Undergrad: 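Can you read through this structure? Questions will come right after.
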Number of protein chains: 2
Amino acid sequence: MATTPPHAPEPAGMTRKIKCPAPFLSKTYDLLEEEEICGGGRGGGAAHGVERLRIVSWNSEGNGFVVWSPADFSEAMLPKYFKHNNFSSFIRQLNTYGFKKTASKRWEFQHEKFKRGQRHLLAEIGRKKCDPSGFPPFLKAKYCSKNKSNNNNNNTKNMVMLMEENNKLRRERKDLEMQISHFKNLEMKLLECLSQYTTMPLLF
Amino acid sequence: MATTPPHAPEPAGMTRKIKCPAPFLSKTYDLLEEEEICGGGRGGGAAHGVERLRIVSWNSEGNGFVVWSPADFSEAMLPKYFKHNNFSSFIRQLNTYGFKKTASKRWEFQHEKFKRGQRHLLAEIGRKKCDPSGFPPFLKAKYCSKNKSNNNNNNTKNMVMLMEENNKLRRERKDLEMQISHFKNLEMKLLECLSQYTTMPLLF
DNA sequence: GGTTCTAGAACC
DNA sequence: GGTTCTAGAACC
């Protein structure tokens, strides 16, 4: 095992943090373990030779999982673990935590730290962070592109995109400013109104 | 009817174009008409009192449609009309053509030009375009400049300016949002305070 | 932190 | 023009 022993000194500059895995990850892991025990030929069904089809399971390598039947998965399992029965919401969460779809004809997903029998790794999975650079996301790829031949063209496109972004921000600013002016107005009226009832200074 | 008669003269500057609706739209429309005829209590099922549940149908106003069972819809109907059985791909197409989801607990979608009995309107539905806005005035002159010699340089400078402007606008937006949240808080406190003095409804 | 609705972008 | 995978953003 390459994991750090319990009493090993912390690496310099790191603060000790006992991290819990995100609820979404634990639940997804639970769901797979549960299904591994009960799934397939569950209960009386097997006795009658009626093996239930797998709904979801670890893949054969144990480094990912497959939703074999999105319909049954959504209707029967999602509500048991989450607050919805919406398959796309489940997918959205997988993407949020950096899972990748790894097969084109199956709903198979993998994540470096999501493996059968390795529940402790879950705590190391975080949400994908958003870009700190402040660059609009649609420009990152193009701006950092190595394709020099199209640079002129890209520049034009980028410029247009920046202008659009810019316009959007201006519109939003205007809208926010209107809201603020509304609130200022409201505040004035309320204070006026209150002054009829009290001479106490109002501390807000 | 307000539609242009077949032989009316074209408005000046417009070229005559007999537009076909996008295949996606026709197929979706087909699918609904087909389902209207055959759906519900289809075939022998009805004879035995086993009415099949609706999979998809127009809504009651005829100005939108509802996918009642995404699972059956995906497995039974999508492959019949499209090259996949993927519900989210279908949703993606709806969004591409500007449909809106109009109910929170049903898969109901509407589009201004997508109505029961109005197939001719389909041709007026286009893909949503990515450039609705004009250029910001302060750069228009430079951008449309005929001075080709400096174009590359200017482009770079303009790009940098735009990005800086952009980041500034983001910071401002954040600041304005904070102000608004402050005002909301304040309003709440003032109303609370006022409520000690009066039970009169406050009309602002 | 989770859920929903919609869009970007690459690929076909 | 269609299909797939992933992400942004608003809202809860």
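The structure displayed is predicted, hence computed values, not measured ones. In what follows, every heavy atom counts, from backbone to side chain, and hydrogens, waters and symmetry copies are set aside. Chain identifiers are assigned alphabetically (A, B, ...) following the order of the sequence lines, protein sequences preceding nucleic acid strands; residue numbering begins at 1 within each chain.
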Undergrad: Give the rounded distance in Å between these two atoms: NZ of Lys19(B) and C1' of dG1(D).
TA: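 It is 16 Å, rounded to the nearest whole Å.
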Undergrad: State, yes or no, whether a side-chain contact exists between Lys184(B) and Ile180(B) at a heavy-atom distance under 4.5 Å.
TA: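 Yes, their side chains come closer than 4.5 Å.
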Undergrad: Can the ring centroids of Trp107(A) and Phe87(A) be said to lie less than 6.0 angstrom from one another?
TA: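 Yes.
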Undergrad: Starting from the 5' end of DNA chain D, give me the residue, Lys27(B) or Phe109(A), whose nearest nucleotide shows up first.
TA: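 The 5'-side residue here is Lys27(B).
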Undergrad: To the side chain of Lys83(A), which of dT6(C), dG1(D), dT3(C) is closest?
TA: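 The answer is dT3(C).
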Undergrad: So, Asp30(B) and Arg119(B), do they make that salt bridge, N to O below 4.0 Å?
TA: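 Yes.
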Undergrad: Would you check if the side chain of Lys101(B) reaches a backbone N or O of Ala103(B) as a donor-acceptor pair within less than 3.5 Å?
TA: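 The answer is yes, because a donor-acceptor pair under 3.5 Å joins these two groups.
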Undergrad: With under 30° as parallel and over 60° as perpendicular, where do the rings of Phe65(B) and Phe99(B) fit, or are they tilted in between?
TA: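 Taking Phe99(B) first and then Phe65(B), their aromatic rings stand perpendicular (interplane angle over 60°).
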Undergrad: Using heavy atoms to find the nearest nucleotide of DNA chain D for Arg173(B) and His84(B) separately, return the residue whose nucleotide is more 5′.
TA: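 Nearest nucleotide further toward 5': that of His84(B).
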Undergrad: Please report, rounded to the nearest Å, how far the C1' atom of dG8(D) is from the CD atom of Glu172(A).
TA: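 Spelled out: CD on Glu172(A) to C1' on dG8(D) is 12 Å.
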Undergrad: Would you find a donor on one side and an acceptor on the other, under 3.5 Å apart, between the side chain of Asn59(A) and the backbone of Asn63(A)?
TA: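 Side chain of Asn59(A) to backbone of Asn63(A), a donor-acceptor pair under 3.5 Å: yes, one is there.
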Undergrad: Is Glu187(A) close to Leu190(A) at the side-chain level, that is, under 4.5 Å between some pair of heavy atoms?
TA: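 No, side chains not in contact.
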Undergrad: Would you mind reading off the bend of the helix from dG1(C)-dC12(D) to dC12(C)-dG1(D) from its two end axes, five pairs each, to 10 degrees?
TA: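 Comparing the first five pairs with the last five, the axes sit 20° apart.
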Undergrad: Over how many whole Å does the gap from Gln110(B) atom CD to dC5(C) atom P extend?
TA: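 Gln110(B) atom CD is separated from dC5(C) atom P by 14 Å.
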Undergrad: Would you mind reading off the distance between His111(B) atom NE2 and dC5(C) atom P, rounded to a whole angstrom?
TA: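 So the two atoms are 18 Å apart, to the nearest Å.
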Undergrad: Output the residues of residues 69-78 of chain B in contact with DNA chain D, where contact means a heavy atom of the residue under 4.0 Å from an atom of the strand; sort by number or write none.
TA: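 The stretch gives none, as no residue of it lies under 4.0 Å from the strand.
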Undergrad: Are the charged groups of Arg173(A) and Asp175(B) less than 4.0 angstrom apart, N to O?
TA: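 The answer is no: the pair does not qualify as a salt bridge.
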Undergrad: Between dT3(C), dG2(D), dT4(C), which nucleotide has the shortest distance from any of its atoms to the side chain of Asn86(A)?
TA: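 Shortest atom-to-atom distance from the side chain points to dT4(C).
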Undergrad: So among Tyr29(A), Phe114(A), Tyr97(A), which one has a ring-ring contact (aromatic ring centres under 6.0 Å, His included) with Phe24(A)?
TA: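 Exactly one pass, corresponding to Tyr97(A).
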Undergrad: Specify the separation, in whole Å, of atom CZ of Phe87(A) and atom P of dT4(D).
TA: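 For the pair Phe87(A) CZ and dT4(D) P, the rounded distance is 13 Å.
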Undergrad: Working to the nearest 0.5 angstrom, can you tell me the gap between Glu34(A) CD and Lys80(A) NZ?
TA: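 The NZ atom of Lys80(A) is 5.0 Å from CD of Glu34(A), to the nearest 0.5 Å.
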Undergrad: Please check if any side-chain donor atom of Arg92(B) sits under 3.5 Å from a side-chain acceptor atom of Ser88(B), or the reverse.
TA: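 No - no donor-acceptor pair under 3.5 Å links their side chains.
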Undergrad: Which of residues 90-107 of chain B have a heavy atom under 4.0 Å from DNA chain D?
TA: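 Heavy-atom cutoff 4.0 Å gives Arg92(B), Gln93(B), Tyr97(B).
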